[in-house]
Amino acid sequence: MNTSKNTSKKLSLYMLLLPFLGIIFLEMVVRINAIKKNYVLYSSVFVILMLALILITASHCRPFMAKTTKNNKTRTIRLNPLLLSLWTGMCVLMLISDLLVFKKYCFLSLILLILFTGFYIIWQRFDTKNKDVIFKAFLLSIEISFIAASIFCFLFRPVTQGIRYSGLSSNPNVYGLYIITVWACLISKLDNIMERKLSLKKSVVISIELGVAAMFMYMTGARTSFFTIGLITIVWFALRLVFSRKSGIPVLRYAVSAIIVATVAFFASMLLLTNLPDIINRPVVFERDRQFTAIDSRTKVCLAASEASKTYNGNPDVTTNALESDIEKSMSTMDDEPSAIKRLINSITNGEGLDSILNGRWSIYKSYIKKLNFKGHHLYGKKVNGSYVVHAHNNVIQIAYSYGILSAVLYILLCVLTFIYSIAYYVKFHTKRESAAFPMLLITSFLISTLTEFTFIPMQSLLAFAYLMCVGKLMITFTPSKKPKTTKKLKTSKKA
C-alpha cells in the first residue's frame, strides 16, 4: 500500500510540472516576441494551460484531496474572506472597466476572475499536509526553467561589450524580473535546507544556482532588480538569525558556505558566458533584440524630450528621431561594463535628479496620473513628451489608468494585505513547510519591482504569475477558524 501511495504522489507532482513548465515557456516566448503582436493567441494558450492545471489538480491529485467530515458531509469552501473579497472585488471592477472601455489587451479580468479563483477553490480542497504539493511543483518548475535558460544563454546568447545583457529576453530589465523570481525560489530552498539541518553538501547545488543567478542579474544592469534581491536576502537572513536562537540552527555556517560556493560559481559562470558563446559561434538573435547601455534608452527619451521641450520653443512634441543622436552620443561615452552595481553607484555619486535616476519614469508617472479616471482606457501605453511609451512603468498607476481608480484602490489593499500575511506565513510555518519563505520573498520582490515596472499580466511575466500563486497560497492558508463547540457547557448548565 505504501508503494502505491508514493507512486500516486510522485505522479501528481510530475504531472503538475507539465502545465507549470508550459506556462513558464509561454512567458519566455512572450518576453521575446512582445505580447502586443499575438495577444489573443498567447491568451488562448495560457487559458488552455491553466485549464490543464486545474483538471490535473482536480483529477490526478484526488487521493490527496481533503477528507469529508465524520458525518460524510463534504467540506465547505473555506478561503480567507478578506483576501477573497478584495481579489474578487478588484477582478469585478476590472471586468466592468473592460465592458465600459474595450481594451487592446481585452478581458484579462475574466482570466483572473474565473481561472485563478477557480484554481484557488480547487487548491483549498486538499488537506493541510498535501496542499504544498502544488507549490512544490511550481518551485521545481521555476528551478528547471532557470537551468534550461542558463544553458541556452551559455551556448547561444553572447555578451556584447558595453551593452547590458538581455539573456533569454529582448530587454535586460525584463530578464531581471525573471531572475528575481528564480532568486526567491532558490533562497526559499536554501531556507528549507537550513531548517531541516541538512548537511552542507545538500546546499551546494542551490548555492551554485544562486551564484549563476547573481551573475545574470549583475550582467543585466537592472538596478531595481539588483537592489530587490539584495534587500529580500538581507531581510530573510535577519529573520533566519532570529529564529536560530531558539532552534540552534548554525545559520552562519550555512551562510558562509553558500557565499563561498556562490562566489566561485559567479565568476566561473561569468567566464563561461563571456567566452563559450563566441567559441561555439552560433549566436541566436531575436527579432526584437535592442541594445541597452547604462541608459535605458526607451524611457530616457521621455526625460530627454522633457528637457528638450524647454529649448524647442516650449514644444513638448519633439520627435523621437531628433533625440536619437543625443542618446547615441551618451551611449558612446558609457562604461564598457554597464553592470547593475556600477549603475547604482553612478546614480548616487553623480548626484542625479529623481527623473534622471528613474530614466525618465517620473515624467511618465506624471503624464499618466493626469489622465486617470474611473472607467479606464483602451490602450496601456500613451504619448509622453512626444514619445510613445508602452506602459506606465508602475503597477498602481497602470491599473488605475487602464481599469479605473477604484480597481487600483482594491489592488493596493490586496498588496498590503498579502505582504502582511506573507510575513505571518513565514513566521508561523518556517518549521513546518518546505516553501514557507517563498511567499514573503516573492511578494516583497513583486511590490518593490512594480514601483518602476508594470508586471501584472500572468501570461507575460513569471513574477506576476508567481505573485498570483502566492495570493492563492495565502488565501487557502489563513482561513477562518472553526467556532468552538458549546454543547457541553449547555448540558452542564441544564444539570445545574
Side-chain angles (χ1 to χ4, degrees), residues 24-34 37 142-183 186 208-226 229 262-300 324 327-344 346 359 453 460-463:
I24 295 174
F25 179 76
L26 172 66
E27 290 160 349
M28 287 184 176
V29 171
V30 174
R31 284 204 307 268
I32 294 168
N33 294 327
K37 290 186 176 180
I142 294 174
E143 190 176 5
I144 292 171
S145 75
F146 174 64
I147 294 171
S150 299
I151 292 172
F152 185 88
C153 289
F154 285 135
L155 296 177
F156 307 116
R157 294 286 282 172
V159 174
T160 302
Q161 191 175 24
I163 302 299
R164 294 168 57 194
Y165 189 69
S166 296
L168 205 55
S169 176
S170 57
N171 185 320
N173 292 327
V174 174
Y175 202 62
L177 295 175
Y178 168 72
I179 298 297
I180 284 177
T181 314
V182 173
W183 189 269
L186 297 176
I208 292 173
E209 291 174 337
L210 283 169
V212 175
M215 184 276 299
F216 278 118
M217 183 65 80
Y218 177 83
M219 296 299 286
T220 63
R223 292 175 297 185
T224 304
S225 298
F226 195 84
I229 65 170
T263 302
V264 173
F266 179 94
F267 289 105
S269 59
M270 182 179 288
L271 190 65
L272 275 176
L273 188 64
T274 53
N275 291 282
L276 189 57
D278 294 327
I279 294 172
I280 295 174
N281 198 24
R282 292 288 187 274
V284 174
V285 179
F286 302 130
E287 183 182 349
R288 294 182 65 252
D289 273 348
R290 287 183 288 113
Q291 293 184 335
F292 287 76
T293 63
I295 291 177
D296 183 346
S297 57
R298 298 292 284 182
T299 52
K300 198 72 173 182
E324 287 295 331
I327 294 170
E328 287 175 6
K329 287 178 183 177
S330 65
M331 286 181 175
S332 64
T333 59
M334 297 316 298
D335 198 306
D336 288 341
E337 187 188 354
S339 66
I341 293 177
K342 288 188 177 181
R343 293 186 75 220
L344 280 171
N346 289 337
N359 280 344
E453 292 293 340
Q460 184 182 34
S461 168
L462 178 59
L463 182 60

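This one's a predicted model, so the numbers in the text were calculated from it and none came from an experiment. Atoms considered below: every heavy atom in the structure, side chains included; atoms not considered: hydrogens, waters and symmetry mates.
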- Task: Answer yes or no: is there a side-chain heavy-atom contact under 4.5 Å between Val182 and Ile142?
- Result: yes

- Gap between atom CD1 of Ile208 and atom CG of Leu186 - 0.5 Å precision: 11.5 Å

- Task: Ignoring hydrogens and angles, tell me if any N or O in the side chain of Arg157 forms a donor-acceptor pair with the backbone of Val284 under 3.5 Å.
- Result: yes

- Contacts of type ring pair (Phe, Tyr, Trp, His ring centres under 6.0 Å), residue Phe156, not counting sequence neighbours: Phe152

- Message: What's the separation between atom CG in Leu273 and atom CG in Leu155, rounded to the nearest 0.5 Å?
- Response: 10.5 Å

- Query: At their closest point, which heavy atom of Ile32 faces which heavy atom of Ser169, and how far apart are they?
  - Reply: CG1-CA, 4.3 Å

- Rounded to the nearest 0.5 Å, how far apart are CD of Glu27 and CG of Leu168? 12.5 Å

- Query: Got a second to check how far Arg31's CZ is from Asn171's CG, nearest 0.5 Å?
  - Reply: 10.5 Å

- Are the side chains of Glu209 and Ile147 in touch, meaning some heavy atoms are under 4.5 Å apart? yes

- Message: Tell me every residue that passes ring pair (Phe, Tyr, Trp, His ring centres under 6.0 Å) with Tyr165, counting only those two or more places apart in sequence or in another chain.
- Response: none

- Can you find a pair of side-chain heavy atoms, one from Phe146 and one from Ile179, that are under 4.5 Å apart? yes

- Task: Compare all side-chain heavy atoms of Ser461 with those of Glu453 and state whether any distance is below 4.5 angstrom.
- Result: no

- Message: Rounded at 0.5 Å granularity, tell me how far CG in Leu276 sits from CG in Asn281.
- Response: 11.5 Å

- So SG of Cys153 and CE of Met215: to nearest 0.5 Å the spacing works out to 8.0 Å

- Do Asn173 and Arg164 come within less than 4.5 Å of each other through their side chains, counting heavy atoms only? yes

- Item | Distance-minimising heavy-atom pair for Met217 and Gly176 | CE-O, 3.2 Å

- Message: Is there a side chain to side chain contact (heavy atoms under 4.5 Å, CB included) between Phe286 and Ser166? Walk through the geometry before answering.
- Response: CA-CA 11 Å; Phe286 302 130; Ser166 296; over 6 Å; no

- Task: Considering non-hydrogen atoms only, spot the tightest contact between Ser269 and Gly211 and give its length.
- Result: OG-O, 4.3 Å

- Between Ser170 and Asp289, the two heavy atoms sitting closest are CA-OD1, 3.7 Å

- Message: Check this for me: Phe154, atom CZ, are more than 12 non-hydrogen atoms of other residues, nucleotides or ligands nearer than 6.0 Å?
- Response: yes

- Hey, does Val212 have a side-chain heavy atom less than 4.5 Å from the side chain of Phe216? yes

- Considering non-hydrogen atoms only, spot the tightest contact between Ala149 and Tyr178 and give its length. CB-OH, 4.2 Å

- Task: Provide the closest heavy-atom pair for Leu271 versus Thr274 in the form atom of the first, atom of the second, distance.
- Result: O-OG1, 3.2 Å

